Protein chains: 2
Amino acid sequence: MTRPDVPCSAVAVDLAVLTVRDRCLHVLVVVRAKRPHQGRLALPGGFLEPDEDLDQAAHRELAEETGLDAADLNVHQLRSYGAPDRDPRGRVVSVCYVALMPDLPLPIAGGDARAADWAPVEQLLAEPDQRAFDHHLLLTDAVEHARDRLSHTTLATTFCPPEFTIAQLREVYEIVWGTQLDPSNFHRKVTGAPGFLVPTGGRTAGTGGRPATLHRAGPATRLHPAILREPHSEQHTKGATGHEYR
Amino acid sequence: MTRPDVPCSAVAVDLAVLTVRDRCLHVLVVVRAKRPHQGRLALPGGFLEPDEDLDQAAHRELAEETGLDAADLNVHQLRSYGAPDRDPRGRVVSVCYVALMPDLPLPIAGGDARAADWAPVEQLLAEPDQRAFDHHLLLTDAVEHARDRLSHTTLATTFCPPEFTIAQLREVYEIVWGTQLDPSNFHRKVTGAPGFLVPTGGRTAGTGGRPATLHRAGPATRLHPAILREPHSEQHTKGATGHEYR
DNA sequence: TAAATAGTGTCTCTCAGACATTATCTT
DNA sequence: AAGATAATGTCTGAGAGACACTATTTA
């Protein structure tokens, strides 16, 4: 943009790359090598190049930071952040993306000489002021976004290896949502949702119990019916209380 | 941003202001007075000022275009658009906002000497190539976003005047969704959803039928249970067909 | 055998959709 | 009265949650 009458900003693309490992939700973080916020943990990201789309920039950054081809790793734009003082270097508007992926070996430290590693989300969210920039806010929104999407999309399978058991899938839901789910009802629901799971014919062995059938992700992207997150029990006050909406 | 190593972009904020009038969903559009796309219809918007947040910019633009104080008109950020060639003048990344409002008198032509007026959404969407920039895409996404939100939030009341009947509210759902809803079931659902509606005590008169009780919007923002958009009937194939997911 | 895990069946309650019925106004 | 619109009631079926029960492995 060369017109002098138009305010000029830098546009950054930041990524919240989520995975499930060690029974916890983790996010990919980098240690900042330069000022500002030197030494602090930040979400990986970078500036938009002159000739690329936002989605392209997100895929490029993901490849640079993790070495992975992000062809279909479920990368989705979340929203943008533009507080005037969010970057002390100047005006930076950041477009945040959320990426979900299985627990693959380990990301390679990126070309920026920054160390990329997994960090447990719960721990990061417990320290609101320790992140670089407003990345605590980005992470909060990204996690909430992912949680919401699990209930009505088939996205949970992207946290799983290519073949997985229903117990593994249930564990993903339990970890991301931080709740316990009834194994019986969960089994009935996910096997009943058309296109969610496809049995591969294989079975587990040596787990000290009845072998589980292996599945892979089916063709569906939307989940019908949805897997509900909260057992939304409202009408507990069956008594003579007058109004009861909160 | 003054650092020479960072690519520079203009950041625009565009608004899809939706309302229901004349039994149709309408969107606020301006006629572009300058090149490029001179004479074409565009969504109102403008460039981000150096010291304002994205949300502030959206509110400012809304005030400039409509003369309305957008304090709580349900303005929400939708997503950002950044195709390299979306603006022929140069690199512009646009953050799109969706605003929902009741059918108020009429917007004032803005300070940019552009005429602002309501246009029926259905008609605009039928002509994909007649909009300025990629505003057809923005509008498509904004409408879909609004439709989705109606089902699980109390947002539909923002299309209504301060006091309204349940039939008026149902009309909003029917117009936005383009479907017909059963008046009886709709009545039962919206009156049963806690915090959605509050009876004012008033009633309509002179409508040639039983008077309807007037309501105003309640304190709730989320809808429990949700008002379903599609009568998602799936299991019609009760026969002996083996697999039936699509 | 017991323990452990996988998977099925059953019951109850909520809620959606279809539609009949009653209520209250205007003409 | 008739017609119109508002509101309630009733029935059926889908689906969620609780939980008993069966199935199949390892130790």
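Worth knowing before you read on, the calculation uses all heavy atoms, side chains too, and leaves out hydrogens, waters and symmetry mates. Keep in mind that this is a model prediction, so the values were computed, not measured. Naming convention: chains lettered A, B, ... in sequence-line order (proteins, then strands); numbering from 1 in each chain.
- Note on B:A193: nothing from the nucleic acid sits closer than 4.0 angstrom, heavy atoms only.
- The distance from atom CZ of B:R229 to atom C1' of C:dC15 is 21 Å, rounded to the nearest whole Å.
- Counting all heavy atoms, side chain and backbone alike, A:W177 lies closest to A:R147 at NE1-O, 3.0 Å.
- Not a single donor-acceptor pair, N or O on each side, falls under 3.5 Å between the base of D:dA16 and the side chain of A:D182.
- If you check the side chains of A:D141 and A:Y81, you find a donor sitting under 3.5 Å from an acceptor.
- With hydrogens and angles ignored, a donor-acceptor pair under 3.5 angstrom links the side chain of B:S184 to the base of D:dT8.
- When each of D:dA6, C:dT5, C:dA16 is scored by its nearest atom to the side-chain atoms of B:P225, the top-ranked nucleotide is C:dA16.
- Rounded to whole angstrom, the span from the CG atom of A:N185 across to the P atom of C:dT10 amounts to 15 Å.
- As a whole-Å value, the separation of B:R203 CZ from D:dA6 C1' is 9 Å.
- Residues A:H215 and B:A226 each lie close to DNA chain C; by heavy-atom proximity, the contact nearer the 5' end of the strand is made by A:H215.
- Judged by closest nucleotide on DNA chain D, B:G208 is the one of B:G208 and A:G208 placed further toward the 5' end.
- Scanning atom types as modelled, no donor and acceptor separated by under 3.5 angstrom connect the side chain of A:R188 and the base of D:dG15.
- With rounding to whole Å, A:R210 atom CZ is found 9 Å from C:dT5 atom C1'.
- We find that CD of A:Q180 is positioned 15 Å from C1' of D:dA18, with the value rounded to whole Å.
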Q: Determine, step by step, whether A:D55 and A:Y97 satisfy the side chain to side chain donor-acceptor pair (under 3.5 Å) criterion, reporting the C-alpha distance in whole Å, the side-chain angles of both residues, the deciding distance to 0.1 Å, and the verdict.
A: CA-CA 9 Å; A:D55 289 6; A:Y97 278 76; 2.4 Å; yes
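- Contact annotation: B:H187 reaches the phosphate of D:dT8 (side-chain N/O to OP1 or OP2, under 4.0 Å).
- Using a 3.5 Å distance cut-off with no hydrogens or angles, the side chains of B:S94 and B:D14 do pair a donor with an acceptor.
- Put simply, CG on B:L228 is 6 Å from P on C:dA16, counting in whole angstrom units.
- When each of D:dA16, C:dG7, C:dA23 is scored by its nearest atom to the side-chain atoms of A:K189, the top-ranked nucleotide is D:dA16.
- Rounding to whole angstrom units, NE2 of residue B:H224 and C1' of D:dA16 are separated by 14 Å.
- Heavy atoms only, all atoms of each residue included: B:L62 and B:A99 are closest at CD2-CB, 4.4 Å.
- Backbone-only contact: B:A167 has heavy atoms under 4.0 Å from sugar-phosphate atoms and none from a base.
- One can place CZ of A:F186 at 12 Å from P of C:dA6, the figure rounded to the nearest angstrom.
- Residue B:T213 places at least one side-chain N or O closer than 4.0 Å to OP1 or OP2 of D:dA7.
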